[in-house]
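Ligands are counted one by one from 1 in listed order, and the atoms in each one are counted from 1 as well. As the structure is a prediction and not an experimental result, all values here were calculated from the model.
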Amino acid sequence: MAGSGGLGGGAGDLQGAGTGQGTALRALRAPLALVVLLLSAYCLFALPGRCPPAARAPAPVPAPAEPPHTSLRLRAPGLPVASGPGRRRFPQALIVGVKKGGTRALLEFLRLHPDVRALGSEPHFFDRCYDRGLAWYRGWVMFQHVS
Ligand SMILES: Nc1ncnc2c1ncn2[C@@H]1O[C@H](COP(=O)(O)OS(=O)(=O)O)[C@@H](OP(=O)(O)O)[C@H]1O
């Protein structure tokens, strides 16, 4: 008797525990759904990355190159080479690398050189923004260049 009572009580406890688990699971449904939603949104937008904001104004027609003596004058010590007047042109080098491959570090080291002009942020033209076309790319990456 005691044994069966004990068993019966145990089964009742188990049933109670089962019901409790069900209630707990139901209570977790909403937060779980929220987490899944947030993860999905993250995967959708953050992982593939997005294009930077729309390109700035279209690049103007390149100005005629300045005579060589002008560029020599502009290379005076203390004057950043790329900040003076000049013509706009495409970059002469691209840094290509996998994510977390250290491309940012490479860019920052190269940027230390006074003759190197670099973008502040990565345009991601070839992997994310290719469908925006060359006009967008031009507006994004053309540099003022002292010839
Ligand atoms: N020389 C060298 N040795 C070892 N690790 C280095 C080096 N240069 C950059 N890093 C690490 O590379 C990570 C950033 O890489 P990326 O610039 O390619 O990042 S990103 O994908 O463009 O966001 C970043 O790693 P995390 O800090 O883990 O993000 C950098 O610390």
K.L.:
At a 4.0 Å threshold, what atoms of ligand 1 neighbour a non-hydrogen atom of R104?
P.N.:
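It comes down to these atoms of ligand 1: 17 (O).
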K.L.:
Can you report which non-hydrogen protein atom sits closest to atom 11 (C) of ligand 1, along with the distance?
P.N.:
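For atom 11 (C) of ligand 1, the nearest protein heavy atom comes out as G102 CA, 4.9 Å.
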K.L.:
Look at ligand 1 and say whether G101 reaches it with a heavy atom at a distance under 4.0 Å.
P.N.:
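Judged by the 4.0 Å heavy-atom criterion, G101 does count as contacting ligand 1.
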K.L.:
Please give me the minimum heavy-atom distance between T103 and G97, naming the atom from each residue.
P.N.:
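Heavy atoms of T103 and G97 come nearest at CG2-CA, 3.6 Å.
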K.L.:
What's the shortest distance from atom 29 (O) of ligand 1 to any protein heavy atom, and which residue and atom give it?
P.N.:
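Checking every protein heavy atom, the shortest distance to atom 29 (O) of ligand 1 gives K100 NZ, 2.8 Å.
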K.L.:
Is there a protein heavy atom at a distance of less than 4.0 Å from atom 5 (N) of ligand 1?
P.N.:
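It does not; no protein heavy atom is within 4.0 Å.
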K.L.:
Which atoms from ligand 1 have a heavy atom of E122 less than 4.0 Å away?
P.N.:
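Matching atoms, with element in brackets: 22 (O).
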K.L.:
Within the structure, does at least one protein heavy atom fall under 4.0 Å of atom 15 (O) of ligand 1?
P.N.:
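Within 4.0 Å: yes, protein heavy atom nearby.
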K.L.:
Identify the protein heavy atom lying closest to atom 8 (N) of ligand 1, giving its residue, its atom name and the separation to 0.1 Å.
P.N.:
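Here the closest protein heavy atom is A105 CB, 3.5 Å.
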K.L.:
Run the side chain to side chain contact (heavy atoms under 4.5 Å, CB included) test on F126 and L94 for me, step by step, so that the C-alpha distance in whole Å, both residues' side-chain angles and the decisive distance to 0.1 Å come before the verdict.
P.N.:
CA-CA 11 Å; F126 296 99; L94 300 176; 3.8 Å; yes
K.L.:
Which atoms form the tightest heavy-atom contact between L107 and L119, and what is the distance?
P.N.:
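Heavy-atom minimum between the residues: CD2-O, 4.0 Å.
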K.L.:
Between CD of Q92 and CZ of R117, what distance do you get to the nearest 0.5 Å?
P.N.:
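Between atom CD of Q92 and atom CZ of R117 there are 13.0 Å.
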K.L.:
From atom 1 (N) of ligand 1, is the closest protein heavy-atom distance below 4.0 Å?
P.N.:
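Looking at atom 1 (N) of ligand 1, one finds that no protein heavy atom lies closer than 4.0 Å.
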K.L.:
Parallel, tilted or perpendicular for F125 and W136, by the 30°/60° rule?
P.N.:
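Because their plane-to-plane angle is under 30°, the rings of F125 and W136 count as parallel.
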K.L.:
Which of the numbered atoms in ligand 1 are below 4.0 angstrom from a heavy atom of K99?
P.N.:
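Result: 21 (O).
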K.L.:
Going by a strict under-4.0 Å cutoff (protein heavy atoms only), does atom 27 (O) of ligand 1 have a neighbour on the protein?
P.N.:
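For atom 27 (O) of ligand 1 the answer is no, since every protein heavy atom stays at 4.0 Å or beyond.
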K.L.:
Let me check something: do L28 and L37 share a hydrophobic cluster, defined by ILVMFWY side-chain heavy atoms less than 4.5 Å apart, either directly or through other members?
P.N.:
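In one cluster: no.
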K.L.:
Rounded to the nearest 0.5 Å, what's the gap from OH on Y137 to SG on C129? Could you check?
P.N.:
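Y137 OH to C129 SG: 11.0 Å, rounded to 0.5 Å.
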K.L.:
Mind checking whether L112 and L106 sit in one hydrophobic cluster, side chains of I, L, V, M, F, W, Y counted as touching below 4.5 Å?
P.N.:
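Different clusters: L112 never reaches L106 through Ile, Leu, Val, Met, Phe, Trp or Tyr contacts under 4.5 Å.
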